[in-house]
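Encoded as structure tokens, the structure appears first; notes follow it.
Side chains are part of it too, since the values below use all heavy atoms of this structure and drop only hydrogens, waters and symmetry mates. Both ligands and their constituent atoms are indexed starting at 1 by order of listing. Position 1 is the first residue of the sequence, and the numbers go up from there.
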Amino acid sequence: MQVHALTVGNTQVENNIFLAPMAGYTDYAYRKLQISLGVGLAFTELVSAKGLMYGGENSAELLFSGQDINKTSAQIFGADAYFMRSACESEYLQPFSIVDINMGCPVPKVFKNGEGSALLTDIKKAENIIKECVKSGKNITVKIRTGQKRGDDIATEFAKMAENSGASLITIHGRVREDYYSGEPDYNAIERAKNAVKIPVIANGGIFNKQDAENMINRTGADGIMIARGAIANPFLIVDLLDKETSVTLKEYMLNHITLMAERYGDRRASLEFRKFTSYYFKGKVGVKELKTALQTAESVGQIKFLISNYL
Ligand SMILES: Cc1cc2nc3c(=O)[nH]c(=O)nc-3n(C[C@H](O)[C@H](O)[C@H](O)COP(=O)(O)O)c2cc1C
């Protein structure tokens, strides 16, 4: 695929391969590693606008980006335009130039509050939220799905609405809510939306290797792509997509990962949260069964580092 810089409102993004927001995965440590390998823009996981406005320290922590702030977009969610705009204007989002609005989350806890993908059924409400957030002066981007049920295609209508409401970019996850994360993306829906607007359109869904990325760009004509589970399964996916090389090995990457997590979250939380990454890191690899089990039961960062250093 053609890698090029992108303009998002008044901000220039170095390249058009973005790291998706993924709750429980794309924390500060993971984003930092992926930014260092080359992603153009990394997204925080979805953060509740109301949570921020009620002073939730946990919500604020999800936004921490340190030195990577210029390559990070904060993703917020909510159904109340007042809270969404207030969050954009708050001290928490002050350091971010780009703020993304989640209109795709399928999780019942979010959906039943009229948030995330529920907004795809209420275009007026979605429009109002975008317009209010734009008034904050931030570069507002929106992430949507192609609808609720198989056969739906709201992407074009939503992309036009988002553009007319002042959004600077739209990301389309080419699946409907009921599909969650499975099935082939709806390339045609993304292509139609791309052709209907002038703002950059980023295509997302099912990109696990270079061929998937080429296919996505060729079939949709999108301005860029967003990688998600593919970047967890293969942390070096971004390097392949950029046609670059890296001297960093998986062993070094994993050691850097656990070190960064420990620095930010402390020993206990880091060692527990690292467990879920090991299944991804070792997927399809042979001869690592025992190491994987040991890592998934390790109870300290020191133990994890010892295991990786000596057995990988
Ligand atoms: C564990 C997990 C957490 C996710 N969390 C978010 C989130 O916080 N915000 C969001 O917009 N999308 C979220 N997503 C969706 C991804 O950003 C992406 O749209 C989806 O995984 C499709 O891309 P893929 O097929 O390449 O994985 C999440 C996906 C997964 C698997």
Side-chain angles (χ1 to χ4, degrees), residues 1 17-28 30-31 34 39 41-49 51-52 58-59 61-63 72-78 84 98-111 113 115-120 126 129 140-147 155 158 162 167 169-187 189-190 201-217 219-220 222 224-235 237-238 240-241 273 275-277 279-280 283:
M1 65 173 278
I17 306 177
F18 294 178
L19 176 69
M22 279 180 285
Y25 289 88
T26 51
D27 61 5
Y28 164 70
Y30 204 83
R31 297 195 308 268
Q34 288 292 301
V39 295
L41 190 66
F43 289 68
T44 71
E45 69 177 74
L46 79 175
V47 176
S48 161
L52 279 179
N58 292 345
S59 301
E61 170 59 30
L62 297 172
L63 298 171
T72 309
S73 161
Q75 188 188 65
I76 57 170
F77 74 100
M84 293 291 276
I98 303 172
V99 176
D100 189 59
I101 304 179
N102 180 311
M103 294 193 181
C105 182
V107 175
K109 193 170 76 174
V110 170
F111 183 82
N113 289 334
E115 303 165 331
S117 61
L119 288 165
L120 301 177
I129 290 172
I140 299 296
T141 64
V142 186
K143 182 166 179 274
I144 64 166
R145 284 176 178 254
T146 51
F158 257 71
L169 173 145
I170 183 160
T171 302
I172 306 173
H173 175 191
R175 296 188 179 101
V176 292
R177 176 176 184 253
E178 74 176 2
D179 281 336
Y180 268 66
Y181 305 110
S182 62
E184 193 174 70
D186 186 342
Y187 300 105
I190 302 176
V201 171
I202 302 296
N204 164 245
I207 300 172
F208 290 90
N209 54 46
K210 216 166 164 171
Q211 202 185 333
D212 294 336
E214 296 287 351
N215 188 36
M216 180 61 98
I217 291 290
R219 293 182 67 174
T220 64
I225 54 169
M226 178 181 270
I227 53 176
R229 289 167 300 167
I232 302 179
N234 171 14
L237 174 61
I238 180 62
D240 288 347
L241 298 180
E273 292 201 1
R275 291 178 181 178
K276 63 185 170 220
F277 286 98
S279 352
Y280 273 105
K283 213 171 187 171

Can you name the side chain to side chain contact (heavy atoms under 4.5 Å, CB included) partners of [X], sequence neighbours left out?
{"X": "Asp240", "value": "Asn234"}
{"X": "Ala20", "value": "Met226, Ala228"}
{"X": "Ala213", "value": "Met1, Ile207, Ile225, Leu241"}

>> Using modelled atom types and a 3.5 Å cut-off, is there a donor and acceptor pairing between side-chain atoms of Arg175 and backbone atoms of Gly183?
In response: yes

> Side chain of Asn209, backbone of Gln211: donor and acceptor closer than 3.5 Å?
Replying inline: yes

>> Angle between ring planes, Tyr25 versus Phe277, binned at 30° and 60°: parallel, tilted or perpendicular?
In response: perpendicular

Which pairs of N or O atoms, one from ligand 1 and one from the protein, are separated by less than 3.5 Å, and what is the distance for each pair?
{"residue": "ligand 1", "atom": "5 (N)", "partner": "Ala23", "partner atom": "N", "Å": "2.8"}
{"residue": "ligand 1", "atom": "8 (O)", "partner": "Leu46", "partner atom": "N", "Å": "3.0"}
{"residue": "ligand 1", "atom": "9 (N)", "partner": "Gln75", "partner atom": "OE1", "Å": "2.8"}
{"residue": "ligand 1", "atom": "9 (N)", "partner": "Asn102", "partner atom": "ND2", "Å": "3.3"}
{"residue": "ligand 1", "atom": "11 (O)", "partner": "Gln75", "partner atom": "OE1", "Å": "3.3"}
{"residue": "ligand 1", "atom": "11 (O)", "partner": "Gln75", "partner atom": "NE2", "Å": "2.8"}
{"residue": "ligand 1", "atom": "11 (O)", "partner": "Asn102", "partner atom": "ND2", "Å": "3.2"}
{"residue": "ligand 1", "atom": "11 (O)", "partner": "Lys143", "partner atom": "NZ", "Å": "3.0"}
{"residue": "ligand 1", "atom": "12 (N)", "partner": "Pro21", "partner atom": "O", "Å": "3.4"}
{"residue": "ligand 1", "atom": "12 (N)", "partner": "Lys143", "partner atom": "NZ", "Å": "3.0"}
{"residue": "ligand 1", "atom": "14 (N)", "partner": "Pro21", "partner atom": "O", "Å": "3.4"}
{"residue": "ligand 1", "atom": "17 (O)", "partner": "Pro21", "partner atom": "O", "Å": "2.8"}
{"residue": "ligand 1", "atom": "17 (O)", "partner": "Lys143", "partner atom": "NZ", "Å": "3.1"}
{"residue": "ligand 1", "atom": "19 (O)", "partner": "Lys143", "partner atom": "NZ", "Å": "2.9"}
{"residue": "ligand 1", "atom": "19 (O)", "partner": "His173", "partner atom": "ND1", "Å": "3.4"}
{"residue": "ligand 1", "atom": "19 (O)", "partner": "Asn204", "partner atom": "OD1", "Å": "2.6"}
{"residue": "ligand 1", "atom": "23 (O)", "partner": "Asn204", "partner atom": "ND2", "Å": "3.1"}
{"residue": "ligand 1", "atom": "25 (O)", "partner": "Arg175", "partner atom": "NH1", "Å": "3.0"}
{"residue": "ligand 1", "atom": "25 (O)", "partner": "Gly206", "partner atom": "N", "Å": "2.7"}
{"residue": "ligand 1", "atom": "25 (O)", "partner": "Arg229", "partner atom": "NH2", "Å": "2.7"}
{"residue": "ligand 1", "atom": "26 (O)", "partner": "Gly206", "partner atom": "N", "Å": "3.3"}
{"residue": "ligand 1", "atom": "27 (O)", "partner": "Arg229", "partner atom": "N", "Å": "3.1"}
{"residue": "ligand 1", "atom": "27 (O)", "partner": "Arg229", "partner atom": "NE", "Å": "2.6"}
{"residue": "ligand 1", "atom": "27 (O)", "partner": "Arg229", "partner atom": "NH2", "Å": "3.4"}

